[in-house]
Amino acid sequence: MGETQPGPWRMMDLPRIQDARGNLTSIEAQQVVPFEIKRVYYLYDVPGGGSRGGHAHKQLEQLIIAASGSFDVVVDNGRKKETFSLNRSYFGLYMPPMTWRELENFSSGSVCLVLASRHYEEEDYHRDYYDFLADVRGGR
Ligand code: TYD
């Protein structure tokens, strides 16, 4: 692995500037997020009750935010599985590499904002759960 070991998955409180006109969350690179942000993408127009994900990344670190609405994230590292409900714009779920994730139960109109440590690389994906498990268990 690299010089800095990524920590475990965790919910992070993001800075919140409350205002009667509407709230604001600002994410400063290298201050709030524990990696250098190389890419930002967002999921939207997901049908209510819908699901996404169903893969893991070999090296990518991500911070997932429900910028609007809500959805559940089931994270699994091959040893432990946990479900987080993301339903506030000031929570971020940090996911280290080698985390299988399922995003489920999207509320209609929700927006899933993702900050990512690497550019898009299809080679970084594990899309087969059994290949992922074999990799986690040192198979290859
Ligand atoms: P995928 O990561 O499988 O989506 P999700 O995890 O949300 O279900 O990506 C869906 C498609 O979009 C796939 O063909 C790859 C492409 N894609 C990009 O081109 N760039 C990106 O940054 C991402 C995240 C996906």
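Ligands are counted one by one from 1 in listed order, and the atoms in each one are counted from 1 as well. Please read all numbers here as calculations on a predicted model, not as lab measurements.
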* **Donor-acceptor contact below 3.5 Å, side chain Ser110 vs main chain Gly69** => no
* Close-range residues for ligand 1, whose non-hydrogen atoms fall below the 4.0 Å threshold -> Arg39, Tyr41, Leu43, Arg52, Gly53, His55, Tyr120, Tyr125, Arg127
* To do: Find out whether Thr99 and Gln62 are in side-chain contact, i.e. whether some heavy atom of one side chain is under 4.5 Å from a heavy atom of the other.
  => no
* Can you find a side-chain donor-acceptor pair between Tyr129 and Asp76 that sits under 3.5 Å? -> yes
* To do: Can you label the angle between the Trp100 ring and the Phe132 ring as parallel, tilted or perpendicular, going by 30° and 60°?
  => tilted
* To do: Look at the rings of His55 and His57 and say which category their plane angle falls in: under 30° parallel, 30 to 60° tilted, over 60° perpendicular.
  => perpendicular
* Between Glu122 and Tyr120, does any side-chain donor sit less than 3.5 Å from a side-chain acceptor? -> yes
